[in-house]
Every structure is written in C-alpha cells, then in structure tokens.
Amino acid sequence: MAGDDADAADACQEALMAIVRGLPGFDGRSAFGTWAYRVTANACLDELRRRRRRPEPGLPEGSAEVASPVDQIEGSTTRVDLDRALQSLPADYRAAVVLRDVCGLSYDEIAETLRIPAGTVRSRIARGRGALAPLLAPGRNSGPSPERPTSR
C-alpha cells in the first residue's frame, strides 16, 4: 500500500506499536486479524498523508533522469513494475486491491477493515484492477517476454 520500502517499514513499525497499545481496548467484536489489518491500513494511510507533506527529492530542472537497471530490463513483469503500477492507483483503490490480491482477505473482511460497504469494496477492486490491467499489459515494458517463457 505504501509503494515505497522505507515508508512501508515506517508504517509497519507504527502499526505494530498501535496494535500493542490498542490490545487492552480490543473488545473482540471483530476477528483479531481484521482489527489488526484495519490498524495497519490506517498506519499506511497516515504514512501516505505524511509523504504528501514531505518535499520530494529529485534531480534539478533540466537534468536528464538516469534509468535504473530495473527500468532498463525489458521483458517479464517484475515486482518493481507491479509496485509502480499500484502506486499509480488512488489510495482507496490501492488499499482494496492490495488487501484482496496480495493479502488474500475476503470482501467482507476488507469491508470491515476499511469500514466501507461490501459493494464499495467490489467496485474499488474492479476499478483498481481495471486501471492496473493496461499498466501491466505485455508490450508496455512489462509483461512476459516472448523470448522467455514464464512458469506458473
């Protein structure tokens, strides 16, 4: 959800501390895992809000950006491609897609975690997946290369 390893680590640390601090107040009305996912999702969303307030480092105006070695690799979809594509999604779509497709939560668990109706979860996942499909399609510098077969 964070899209950046450092921000994800910060959010994870914040989530773990919030879970420990919140254990005495956990009332058991929901499954512990659902509650923990909600705390973690909140920590990620808080980290994304903090990121927007930070200045973004970059190259000075007019400098040519040097492509990373991963960007230069043409062929199979990499984790970097997926992370980049997920980062392009709005936060609400990204949260629903990550909780479903990466974490494997059910629609009801996601609805409870994000505190939104199950129908909204379904539409956010559908829209998020729809936005991801063209970004991860073969021929867009991602996707399986014809020279290298992929294994499933």
Side-chain angles (χ1 to χ4, degrees), residues 1-61 63 65-73 76-137 140-143 150-152:
M1 281 178 61
D4 176 81
D5 288 341
D7 289 342
D10 289 344
C12 180
Q13 185 175 6
E14 289 297 322
L16 289 172
M17 290 188 313
I19 288 169
V20 169
R21 276 188 248 123
L23 276 175
F26 176 66
D27 59 10
R29 284 186 287 163
S30 63
F32 177 77
T34 303
W35 175 76
Y37 272 115
R38 179 68 210 161
V39 171
T40 305
N42 283 340
C44 284
L45 294 172
D46 289 345
E47 188 60 36
L48 290 172
R49 282 194 272 300
R50 280 192 289 276
R51 180 190 306 160
R52 275 188 245 131
R53 291 190 300 257
R54 290 192 301 248
E56 193 166 316
L59 296 173
E61 284 281 324
S63 297
E65 192 169 327
V66 178
S68 71
V70 173
D71 291 336
Q72 296 172 4
I73 296 173
S76 65
T77 300
T78 65
R79 172 66 189 254
V80 172
D81 295 328
L82 180 59
D83 286 347
R84 191 172 292 135
L86 283 169
Q87 194 61 29
S88 73
L89 293 179
D92 51 351
Y93 292 178
R94 182 173 51 245
V97 169
V98 168
L99 290 173
R100 177 68 181 160
D101 295 335
V102 178
C103 299
L105 268 61
S106 72
Y107 292 105
D108 291 334
E109 290 171 321
I110 296 169
E112 188 174 341
T113 298
L114 298 178
R115 296 184 183 144
I116 58 176
T120 303
V121 169
R122 292 184 198 300
S123 70
R124 286 183 183 179
I125 290 172
R127 290 179 182 158
R129 286 175 178 166
L132 285 175
L135 298 174
L136 298 174
R140 190 170 154 80
N141 288 336
S142 64
T150 58
S151 60
R152 292 193 174 185

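From a predicted model like this one, the values you see are computed outputs, not experimental measurements.
A distance of 9.5 Å separates SG in C44 from CG in N42, rounded to the nearest 0.5 Å. Atom SG of residue C12 and atom CG of residue D5 lie 12.0 Å apart, to the nearest 0.5 angstrom. Considering CZ of R100 and CZ of R122, their distance stands at 8.5 Å, rounded to 0.5 Å.
Heavy atoms from other residues, nucleotides or ligands lying under 6.0 Å from CD of Q13 number 12 at most. Summarising the local packing, CZ of R129 is surrounded by more than 12 heavy atoms from other residues, nucleotides or ligands at distances under 6.0 Å.
Between L89 and G128, the closest heavy-atom pair is CD2-O, 3.7 Å. Between L114 and A41, the shortest heavy-atom contact is CD2-CB, 4.3 Å. Considering all non-hydrogen atoms of both residues, L99 and Y37 come closest at CD2-CD2, 3.9 Å. When every heavy atom of L136 is checked against every heavy atom of A85, the shortest pair comes out as CD2-CB, 3.9 Å. Contact detail for A36 and I19: the closest heavy-atom pair is CB-CD1, 3.9 Å. Across A43 and A11, no two heavy atoms sit closer than the pair CB-O, 3.5 Å.
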Could you walk me through whether I110 and I125 pass side chain to side chain contact (heavy atoms under 4.5 Å, CB included), step by step? CA-CA 10 Å; I110 296 169; I125 290 172; 4.1 Å; yes
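Taking the six-membered ring for Trp and thresholds of 30 and 60 degrees, F32 and F26 have ring planes more than 60 degrees apart, a perpendicular arrangement.
None of T34, V121, L105 except one satisfies the side chain to side chain contact (heavy atoms under 4.5 Å, CB included) rule with E112; the exception is T34.
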